[in-house]
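The sequence lines fix the lettering, A, B, ..., with proteins before strands; numbering per chain opens at 1.
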Protein chains: 4
Amino acid sequence: MCSRTSPRPRATGRPGRPRSAEADTAILEATRAALVELGWSKLTMGDVATRAGVAKTTLYRRWANKNELVVDAVAVLFDELELPDLGSLRADIEHVVLQFAALLQRPETKTALMAVVAESTRDEPLRERIRASIVDRQKRLVLEGRQRAQERGELPTDRDPGAIEGTDDLIFDVIAGAVVHRALVSAEPVDQTWVQRFTALLLGGLGAAAAQAAPGARGPSGGPGPDRP
Amino acid sequence: MCSRTSPRPRATGRPGRPRSAEADTAILEATRAALVELGWSKLTMGDVATRAGVAKTTLYRRWANKNELVVDAVAVLFDELELPDLGSLRADIEHVVLQFAALLQRPETKTALMAVVAESTRDEPLRERIRASIVDRQKRLVLEGRQRAQERGELPTDRDPGAIEGTDDLIFDVIAGAVVHRALVSAEPVDQTWVQRFTALLLGGLGAAAAQAAPGARGPSGGPGPDRP
Amino acid sequence: MCSRTSPRPRATGRPGRPRSAEADTAILEATRAALVELGWSKLTMGDVATRAGVAKTTLYRRWANKNELVVDAVAVLFDELELPDLGSLRADIEHVVLQFAALLQRPETKTALMAVVAESTRDEPLRERIRASIVDRQKRLVLEGRQRAQERGELPTDRDPGAIEGTDDLIFDVIAGAVVHRALVSAEPVDQTWVQRFTALLLGGLGAAAAQAAPGARGPSGGPGPDRP
Amino acid sequence: MCSRTSPRPRATGRPGRPRSAEADTAILEATRAALVELGWSKLTMGDVATRAGVAKTTLYRRWANKNELVVDAVAVLFDELELPDLGSLRADIEHVVLQFAALLQRPETKTALMAVVAESTRDEPLRERIRASIVDRQKRLVLEGRQRAQERGELPTDRDPGAIEGTDDLIFDVIAGAVVHRALVSAEPVDQTWVQRFTALLLGGLGAAAAQAAPGARGPSGGPGPDRP
DNA sequence: TGATAAGCGAGACGGTACGTCGGGTCTTCTA
DNA sequence: TAGAAGACCCGACGTACCGTCTCGCTTATCA
């Protein structure tokens with residue numbers, strides 16, 4: 001599950017001294033530590049190098065600039081997101097949303113995520129790197145959750161009437177967007193209560209869509225009613 | 001409706017030469033122009049000053065730093081958001097979401113919004129300024145839309161069973177979050193189609209909530225069915 | 001003996017509010033105080049204004065710039081130099097040299113004198129102001145001393161053979177230059193011993209010149225021998 | 001004879017890129033050029049850097065401030081002062097005084113010398129730097145000239161009666177002071193005539209001192225009489 | 001007595017330079 | 001070749017003064 005966040009790879013088996021693998025990890029750790037202490041805007045390459053016990057040259061040999069370094073340093077944290085099968089779509093969603101919220105509360109992600117996204121509005125390669133390292137990693141969870149719910153019969157299969165075409169992206173933006181906005185823009189806690197209310201809203205929407213296309217079919221979580229005691 | 005975005009106000013009627021009002025507007029305009037041309041990260045105070053035909057000190061006399069300046073420069077754009085009564089909750093939502101998306105596509109907002117939010121994670125006064133200048137301005141729309149829908153009977157009133165307590169904040173984060181995430185993180189177009197699908201999902205969720213509490217009551221937009229030809 | 005150091009005079013009896021005389025003196029005093037505390041290079045017009053309890057405008061209405069203000073502030077100190085008749089040229093010289101040295105040791109003159117002279121190398125009006133306010137005030141002493149010595153018969157009169165034409169300027173530069181150089185460049189104390197040795201050298205020079213032109217005539221201080229017990 | 005004027009030296013053989021020697025000379029040359037064009041007070045570090053084709057940081061890495069830079073830039077000019085043996089003390093003095101006067105007429109020295117001396121009244125390290133780089137370099141000439149004159153028999157040797165103990169410093173301040181004062185304070189030309197009259201005065205003083213201690217001994221330049229046709 | 005003409009304190013204004021900091025590149029030596 | 005060290009160029013930072021300019025107000029002379 002742990003995809004590689006590799007800095008500017010160089011073919012192995014080349015002549016000359018090989019790159020130090022320790023340096024790589026030391027740099028990424030130092031970057032996260034610096035993010036925690038200083039935040040994005042006060043993080044400097046020189047400081048990261050010092051913390052990592054490494055020369056600035058070594059940083060730039062691996063990452064083109066501060067943005068890409070930070071993306072890589074933070075990306076690995078998104079590997080923590082998992083989707084254990086909790087038996088119902090509702091439970092799965094609530095679980096992953098809470099997980100995601102917890103991740104966003106960490107100082108290193110909190111300060112870094114919006115910053116690199118902001119930078120990416122003017123930096124196409126960076127946007128691509130973010131997509132590959134962070135966004136797709138989250139999108140995969142939506143895909144998995146949807147498939148699992150379809151297997152359980154909580155959602156219509158793609159060929160069913162009522163299946164909403166291309167819905168994965170929509171769901172993803174709604175979930176991730178809502179959580180990020182709550183956590184970083186509104187700056188309010190993403191707690192159990194909020195998550196339950198949000199999940200209810202989302203499942204209601206999914207159910208309504210299914211019901212509208214195929215009246216009589218079971219909506220998500222076995223109908224409009226609560227499946228929570 | 002146009003709330004003031006005033007920089008570090010100084011009491012009037014005081015001794016000494018009063019602050020130039022022209023400088024204020026020139027600076028804010030110059031800031032927006034610079035954002036369009038250069039983006040957030042390459043915008044410099046010196047450049048803004050030059051564009052505005054103003055000394056750097058005049059900037060710093062009014063705004064403590066780049067962040068606060070940019071918030072004020074961008075905030076006024078959010079005044080454009082309006083909520084004309086289009087006859088149905090669905091139409092109202094679709095309209096405002098499209099409006100908001102259009103605003104986010106503008107280069108000055110696109111590059112600035114995430115950046116200042118990122119900075120605000122480490123800067124409490126900035127967060128407060130953002131809340132006052134930008135967030136609350138948007139939240140107002142949610143409030144208005146909800147009240148209007150309640151008057152139309154599309155949503156249960158607050159005292160009705162089925163009224164979701166404190167839902168305004170949730171709705172706000174869902175709408176704003178989804179649009180922002182789609183536009184800036186996923187970096188995909190927020191077009192008519194997406195907006196309709198998103199609105200359908202949201203209305204479904206609201207309707208399901210209402211139905212769950214008071215079965216038989218009309219959900220939003222007159223029930224689960226489409227009110228669109 | 002106290003010549004006026006007037007700032008940009010304005011005719012009296014004019015309509016309008018007359019200039020405050022208190023402001024004048026307060027400014028000059030404040031300038032000297034600032035020179036003592038901060039030295040020339042860290043003295044600022046704003047600070048002087050504040051110390052004097054006066055607006056910056058009031059300074060600039062009187063003096064065109066920092067240099068001219070400082071010259072006037074310091075010039076008045078040179079009024080202290082006097083030439084009491086001590087009975088012999090040697091005593092007169094030693095007295096005035098010690099006086100001058102004491103003046104140069106004061107922090108306000110020490111820091112200001114060389115500074116304004118330095119500025120004057122590129123500022124003709126300033127040079128003229130220095131000449132009028134400071135240099136000529138010192139030169140007068142040489143003139144007086146020479147005339148008094150001539151009356152005593154210690155120096156040949158101007159029409160005597162042996163009278164060195166235009167010697168006043170030379171003597172002035174030698175005396176003032178030596179003292180200034182000793183005090184400010186070499187930065188060594190100008191004490192009794194040094195003054196006596198310097199005076200002996202100077203009188204020797206003057207005497208030799210007289211003797212050369214009119215052998216047998218008395219040199220200064222009644223011949224080569226010491227007139228000091 | 002050319003003593004080094006080195007900026008903040010750093011040990012060689014150290015790790016890291018060594019300081020650029022070209023930058024050193026380019027900066028000093030640029031400083032002199034800027035002094036000629038702009039004078040001391042309008043010379044800026046940024047301008048010097050630009051002229052030298054060097055970053056401002058490179059300047060500050062070598063010199064702590066404008067004062068020290070200018071001292072070093074100007075000091076090398078004082079290496080030009082030499083004391084060729086012209087056969088008599090009188091000729092030697094006249095020669096060196098003219099040389100020194102010529103040096104002081106150059107715009108770079110004229111504007112810089114007094115300025116740094118003025119600054120040095122409040123800056124002990126600067127004073128020390130001036131002493132080492134400039135003052136001692138001149139004092140050496142006095143020492144040489146005196147020794148040469150003693151070898152010629154024009155001046156009593158140190159152990160002779162009549163030898164004035166510690167006179168070198170006095171002579172130095174008299175010569176340098178008189179010339180500087182004439183050139184910069186009085187702002188009058190130091191030409192052949194003035195130099196001859198000054199030298200005559202000085203030699204007279206020296207001769208009188210010697211004669212007073214050891215009557216009958218030859219004074220400087222072979223007695224009080226003129227050795228000039 | 002009221003118009004006119006400064007002077008004055010306060011402080012904003014356009015500039016210019018400061019000295020520092022960070023980004024990203026380069027050069028040297030050592031491993 | 002990698003890597004540590006550090007000098008280098010560049011450009012922005014936020015501050016400090018400069019000398020000028022508006023303000024509202026005061027204080028004089030002149031009609």
Side-chain angles (χ1 to χ4, degrees), chain A residues 10 14-20 23 41-47 49-50 52-67, chain B residues 10 12-20 22-23 41-47 49-50 52-62 64-66, chain C residues 10-20 22-23 42-50 52-66, chain D residues 10 12-20 22-23 41-47 49-50 53-62 64-66:
Chain A
R10 235 183 63 82
R14 281 292 181 75
R17 177 171 170 179
R19 292 227 182 118
S20 158
S41 62
K42 305 208 167 160
L43 174 146
T44 73
M45 296 298 263
D47 181 58
T50 306
V54 142
K56 261 200 300 176
T57 335
T58 305
L59 262 74
Y60 283 104
R61 204 172 284 121
R62 290 165 161 78
W63 290 276
N65 52 50
K66 184 169 144 173
N67 293 321
Chain B
R10 230 182 64 81
T12 61
R14 282 292 176 77
R17 178 173 172 175
R19 296 240 177 107
S20 158
E22 296 168 16
S41 62
K42 304 205 168 165
L43 175 147
T44 71
M45 297 297 264
D47 181 59
T50 305
V54 143
K56 253 199 304 176
T57 36
T58 302
L59 260 77
Y60 284 108
R61 202 173 287 120
R62 291 165 160 76
N65 52 52
K66 184 169 142 174
Chain C
R10 236 183 63 80
T12 60
R14 282 290 181 74
R17 178 171 171 177
R19 293 232 180 113
S20 157
E22 296 169 16
K42 306 208 166 160
L43 174 147
T44 71
M45 297 297 265
D47 181 58
V48 169
T50 305
V54 143
K56 261 200 302 174
T57 335
T58 305
L59 261 74
Y60 284 106
R61 204 171 285 121
R62 290 163 161 78
W63 291 275
N65 53 50
K66 184 169 144 173
Chain D
R10 231 183 63 82
T12 62
R14 282 293 177 74
R17 177 172 173 177
R19 296 244 175 103
S20 159
E22 296 168 17
S41 61
K42 304 207 168 162
L43 176 147
T44 72
M45 297 297 264
D47 181 58
T50 304
V54 144
K56 253 199 303 178
T57 36
T58 302
L59 260 76
Y60 284 107
R61 202 173 290 119
R62 289 163 162 77
N65 51 54
K66 185 169 144 174

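Nucleotide dG14(F) holds its P atom 10 Å from the NZ atom of K42(A), rounded to whole Å. Atoms CG (L43(B)) and C1' (dC13(F)) sit 13 Å apart, rounded to a whole Å. With rounding to whole Å, M45(B) atom CE is found 7 Å from dC13(F) atom P.
Toward the 5′ end of DNA chain F lies the nearest nucleotide of T44(B), the other residue of the pair A64(C) and T44(B) mapping further downstream. Heavy-atom distances to DNA chain F give each of G53(A) and T58(D) a nearest nucleotide, and the one nearer the 5′ end belongs to G53(A). Both Y60(D) and A55(C) sit near DNA chain E, but only A55(C) has its closest nucleotide nearer the 5' end.
T44(D) meets the side chain to side chain contact (heavy atoms under 4.5 Å, CB included) test with D47(D); sequence neighbours excluded. Scanning for side chain to side chain contact (heavy atoms under 4.5 Å, CB included) contacts around T50(A) gives an empty result, with sequence neighbours left out. Listed by chain and residue number, nothing satisfies the salt bridge (charged side-chain N to carboxylate O under 4.0 Å, His left out) test with R19(B) (two or more places apart in sequence, or in another chain). Residues satisfying the side chain to side chain contact (heavy atoms under 4.5 Å, CB included) test with T58(C), not counting sequence neighbours, are A23(C), I27(C), V54(C), A55(C), R61(C), R62(C).
Considering all non-hydrogen atoms of both residues, K66(B) and L43(B) come closest at NZ-O, 3.0 Å.
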Distances under 3.5 Å between protein N/O atoms and the N/O atoms of nucleotides 22-27 of chain F, please, pair by pair.
residue, atom, partner, partner atom, Å
dT26(F), O2, R17(C), NH1, 3.2

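Contacts between chain B and DNA chain E, taken as any atom within less than 4.0 angstrom of a protein heavy atom, begin and end at dG9(E) to dG15(E).
Among the atoms of the strands shown, none is found under 4.0 Å from any heavy atom of L59(D).
The phosphate of dG3(F) (OP1 or OP2) has a side-chain N or O of R62(A) nearer than 4.0 angstrom.
The nucleotide whose nearest atom lies closest to any side-chain atom of R61(A) is, among dA2(F), dC18(F), dG19(F), dA2(F). In this structure, the nucleotide among dG3(F), dA7(F), dA4(F) sitting nearest to the side chain of K56(A) is dA7(F).
Rounded to the nearest 0.5 Å, atoms CG (N65(B)) and OH (Y60(B)) are 8.5 Å apart.
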